[in-house]
Amino acid sequence: MAKLRTRVSALLLVAAASGATQVRAEDVQGVWTRDDGAVKVEFSACGGAVCGAVSWLKSASGAAKVGQRVFSDMVRADQITWTGKAFNPEDGRTYSGKMVLSGKKLKTSGCVMGGLICKTVVWMR
């Protein structure tokens, strides 16, 4: 009986640890690098949402600036999706934004016309 309790306890511990890892893997907060390596954005809590600001630039000659907020009001729509606003420093416009997390990849989209026209960027943790 004691061996059975020990095995059950061990299984419960493994299951709890797996659940904790899953929650952490679905967290978008942290530093993400754009797939072309040109920019890094740090996502962090801001109010009841998540925001992302430029934390590093390969070249300072473009329109983006370190410290500039490029994602704002991003709220969780489901376990892997956030919706909010995406700012494009190149044209100075703010678009409806969406982020989808898949493992160590984050796809961000800025859309117009109700989502008919979108530009998507892939980021790596």
**Q** Quick one: do Met124 and Val41 end up in the same hydrophobic cluster if we chain Ile, Leu, Val, Met, Phe, Trp and Tyr together by side-chain heavy atoms under 4.5 Å apart?
**A** no
**Q** Looking at Gly110 and Ala86, what are the two nearest heavy atoms and their distance?
**A** CA-CB, 4.3 Å
**Q** Between Lys40 and Gly37, is there a donor-acceptor pair closer than 3.5 Å when you use the side chain of the first and the backbone of the second?
**A** no
**Q** Please identify each residue that fulfils side chain to side chain donor-acceptor pair (under 3.5 Å) with Ser109, with sequence neighbours left out.
**A** Thr120
**Q** Do you know which two heavy atoms are closest between Asp27 and Leu101, and how far apart they sit?
**A** N-CD2, 4.0 Å
**Q** Nearest 0.5 Å, please: how far is CD in Glu42 from CD in Gln29?
**A** 9.0 Å
**Q** Would a 4.5 Å heavy-atom cut-off, applied to side chains only, mark Leu106 and Val122 as touching?
**A** no
**Q** Using the side chain to side chain donor-acceptor pair (under 3.5 Å) rule, collect all pairs that involve residues 93-105, keeping only residues at least two apart or in two chains.
**A** Asp91-Tyr95
**Q** Quick one: salt bridge (Lys or Arg N to Asp or Glu O under 4.0 Å) partners of Asp36, sequence neighbours excluded?
**A**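 Counting only residues at least two positions away or on another chain, Asp36 forms a salt bridge (Lys or Arg N to Asp or Glu O under 4.0 Å) with Arg34.
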**Q** Return the minimal non-hydrogen interatomic distance between Cys46 and Arg69, and the atom names on each side.
**A**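 That would be CB-NH2, 4.4 Å.
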**Q** Please report the shortest heavy-atom distance between Arg125 and Gly30, naming the atom on each side.
**A** NH1-CA, 4.5 Å
**Q** Thr108 and Trp82: side-chain contact (heavy atoms from CB on, under 4.5 Å), yes or no, with the steps?
**A** CA-CA 9 Å; Thr108 61; Trp82 289 258; over 6 Å; no
**Q** Where is the tightest heavy-atom contact between Cys51 and Ser72, given as atom of each residue plus distance?
**A** SG-CA, 3.9 Å
**Q** Answer yes or no: does atom NZ of Lys58 have more than 12 heavy-atom neighbours from other residues, nucleotides or ligands under 6.0 Å?
**A** no
**Q** Give me the ring orientation class for Phe43 and Phe71: parallel if the planes are under 30° apart, tilted from 30 to 60°, perpendicular past 60°.
**A**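 It falls in the tilted class, 30° to 60°.
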**Q** Of all heavy-atom pairs between Val31 and Ser55, which one has the smallest distance, and what is that distance?
**A**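 Distance-wise, the nearest heavy atoms are CG1-OG, 4.2 Å.
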**Q** Quick check on side-chain contact (heavy atoms from CB on, under 4.5 Å): which of Val28, Val100, Val75 does Thr81 satisfy it with?
**A** Val100
